[in-house]
Amino acid sequence: MKTDSSKSNLPDKSHATIELLRELVAHLRQHRTELREEWARRITEAKLLTAMSKDEIFAEATSVYDNYVEALETGTFEALQAYARNLSERIIPRGVQTDEVVGIVLLLRDVLARSLFAKYQTDFNLLNRILDAYEPAANRIANTVAVGFVQERERIIRQQQEAIRELSTPVLPVRERLLILPIIGVIDPQRARQLTEQLLRGIRANRARVVVIDITGVAAIDSHVANHLVQTVEASRLLGATVIVTGLSPEIAQTLVNIGVDLGKMNTVGDLQGGIEEAERLLGYKVAPIQDSAHQVVVAS
Amino acid sequence: MSKIKVEACVSVASDTDIVNARRQGRALADHIGFSSSEATLIATAISELARNIVHYARDGEILVGMVNGDSCPGISITARDSGPGIPELKRVMLEGFSTSGGMGLGLPGVRRIMDEFNIESQVGKGTTVTAIKWKR
Amino acid sequence: MAVPILKQSHYLIATIQAALTDADLVELRDALVARVGKFRSRGVIVDVTALDVLDSFASRTLRDIACMIRLRGAETVIVGIQPEVAFTMVQMGITLEDVPTVLDLEEGLAHLERKSRH
Ligand SMILES: Nc1ncnc2c1ncn2[C@@H]1O[C@H](COP(=O)(O)OP(=O)(O)OP(=O)(O)O)[C@@H](O)[C@H]1O
Ligand SMILES: [Mg+2]
């Protein structure tokens, strides 16, 4: 069963409206050149899209214009929506702002409305009906373009935030089969989730058998994040890696106990250095003195 | 709550249907843009609910659909059957309660991994579980 | 049989290749138990790399496999749980506590070797 309630067609149009829109579309096609030029001129005049050159503005204006007429003609918005996304993707990195995009679409609406006034000024009745047919479609188009832009912008911002987060939570492969995850700062549930996903992928990619999670840099966690820490330890085990937690502050230890964690079952070591030593022991490396030398070296057993 | 736009409805009466239902759920989750680990959560939730239908009600259906929240889209799962219903709703939501020697993890687990969870059941009439995961 | 079971010296290796129905899982369990007896295998590896969902039923069946194999004097190790699957399992509350799990087939064999040396 497939129900389809969100098809992006215009709301039910009467036969008369369709006729009017058809006439409108013919008019826009016929005057494509001058209307486009007028629009591009008004964009420059209003100091919109200042990050773009005149030629670029004209080229984009042409595409938007054609998509706009098509949306009016077919009543479907997919192509326009796709174009709006694509346009946004190109112009957002150049610093174009939301109000500029909304501004140019409103300008186009205005340019077209004016040309309709000029054409039908003698027949006031027809003009009114044409505008009645045009308005809702034009508003919907403006809306589509603006929403497309805003969504794209949000998506880019989110992407950047994620990139920053990735940077701030490195999973360090310090030696074969050993990963260190030093966590610094405040952990909210979202970041905790990301840390876990990164760690689990890291275990797989590095074929890690031991992981040291160092939380010396974390002041406190709430019970939600504490729970998450426990889940991370369990999930790591499912992938075959043993987790050692180091740098547990007394406050965090208390939080863990409060949510019912048996600290005795959790592999905890005082500090990072001790954690790494314990990890090496688990991996079967041992710290052994070498004869005739005051140095200690780590050898694989 | 916002309106659900049902994208697929799978009738569930055998264990192959369970596999089919979760495959459809994952496909929709991918389509909505959930990450692969969220899609795994969603597929797992469907698996649990579909299996409960097969085990306890013999047959029923799973509906997966899209919902629009206040600020983000989501996926909704509805599992409904006209089976025997659940006499002790409170107890089945406690971890470890099972009438079939199972782990009793299904329903509490689904509630935990989804963002919204609702269960309605009437003895002799049937059971409907609805769960939503938001795409943040 | 939906899951091929390979005999390699003292071990049995079951490699799951696609999503399994509950019946397939139960069939796998019974086949493994029977063959461990028949071949006097020392260990069993169940490779779940291809599974994109490990729900409560599948987990319980894996746990049952490990238990029943242990009763027959052999070891079981689960290999290849995907990161997303592992994360989902723990959030569901499934921990497979008493079943050894390792990264992949190679580690699985190494695990069984270590066990049989002891
Ligand atoms: N659709 C249903 N109709 C009737 N009873 C149900 C239904 N779903 C669940 N139940 C009842 O609720 C109990 C708990 O369900 P839940 O899925 O949490 O655990 P389970 O199925 O017993 O075990 P598990 O899911 O861990 O294998 C079941 O044992 C069953 O008695
Ligand atoms: Mg169940």
Side-chain angles (χ1 to χ4, degrees), chain B residues 12-27 29-30 34-56 62 77 79 92-98 100-115 117 131 133, chain C residues 1-3 15-31 33 46-68 71 76 78-99 101 103:
Chain B
V12 181
S14 73
D15 63 353
T16 47
D17 298 333
I18 302 176
V19 176
N20 184 25
R22 70 183 183 226
R23 186 181 308 130
Q24 302 235 20
R26 182 182 284 275
D30 288 344
F34 281 99
S35 72
S36 80
S37 60
E38 288 167 321
T40 303
L41 290 177
I42 291 158
T44 307
I46 292 175
S47 199
E48 296 296 343
L49 298 176
R51 178 166 304 97
N52 280 356
I53 290 178
V54 176
H55 275 194
Y56 307 115
I62 300 271
I77 307 168
V92 301
M93 293 314 297
L94 293 177
E95 202 158 293
F97 179 84
S98 174
S100 66
M103 297 197 281
L105 279 179
L107 292 173
V110 171
R111 175 159 70 179
R112 209 167 317 124
I113 64 181
M114 300 292 284
D115 295 323
F117 180 94
K133 179 122 205 123
Chain C
M1 183 68 200
V3 181
T15 311
I16 296 173
Q17 271 145 353
L20 294 186
T21 65
D22 297 0
D24 294 336
L25 277 162
V26 170
E27 191 186 6
L28 172 66
R29 180 195 68 197
D30 296 346
V33 173
V46 182
D47 185 349
V48 299
T49 310
L51 285 189
D52 70 339
V53 166
L54 261 167
D55 58 14
S56 63
F57 185 85
S59 305
R60 185 168 79 235
T61 312
L62 290 178
R63 207 183 58 190
D64 291 349
I65 289 175
C67 269
M68 292 160 96
L71 287 176
T76 304
I78 310 296
V79 309
I81 298 179
Q82 296 292 337
E84 287 92 11
V85 175
F87 195 29
T88 301
M89 287 170 74
V90 297
Q91 288 181 77
M92 282 287 297
I94 302 169
T95 49
L96 279 183
E97 247 168 58
D98 28 17
V99 186
T101 50
L103 193 75

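Note on naming: letters A, B, ... go to the chains in the order of the sequence lines (proteins, then strands), and numbering restarts at 1 for each one.
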Please tabulate, one pair per line, the donor and acceptor atoms of chain B and chain C that lie under 3.5 Å from each other, or say none if there are none.
| unit_1 | atom_1 | unit_2 | atom_2 | d |
| --- | --- | --- | --- | --- |
| C/Asp22 | N | B/Asp15 | OD2 | 3.2 |
| C/Asp22 | OD1 | B/Arg51 | NH2 | 2.8 |
| C/Asp22 | OD2 | B/Arg51 | NE | 2.6 |
| C/Asp22 | OD2 | B/Arg51 | NH2 | 3.4 |
| C/Ala23 | N | B/Asp15 | OD2 | 2.7 |
| C/Asp52 | O | B/Arg26 | NH2 | 3.1 |
| C/Asp52 | OD2 | B/Arg26 | NE | 2.9 |
| C/Asp52 | OD2 | B/Arg26 | NH2 | 3.3 |
| C/Asp55 | OD2 | B/Ser47 | OG | 2.5 |
| C/Asp55 | OD2 | B/Arg51 | NH1 | 2.9 |
| C/Asp55 | OD2 | B/Arg51 | NH2 | 3.0 |
| C/Ser56 | N | B/Glu48 | OE2 | 2.6 |
| C/Ser56 | OG | B/Glu48 | OE1 | 2.7 |
| C/Ser56 | OG | B/Glu48 | OE2 | 3.0 |
| C/Glu84 | OE2 | B/Ser36 | OG | 3.0 |
| C/Gln91 | O | B/Arg112 | NH1 | 3.0 |
| C/Met92 | O | B/Arg112 | NH1 | 3.2 |

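- Within the 4.5 angstrom heavy-atom criterion, atoms from both the backbone and the side chain of C/Ile94 approach chain B.
- Only the side chain of B/Ile113 comes within less than 4.5 Å of a heavy atom in chain C; its backbone stays farther off.
- Within the 4.5 angstrom heavy-atom criterion, atoms from both the backbone and the side chain of B/Leu41 approach chain C.
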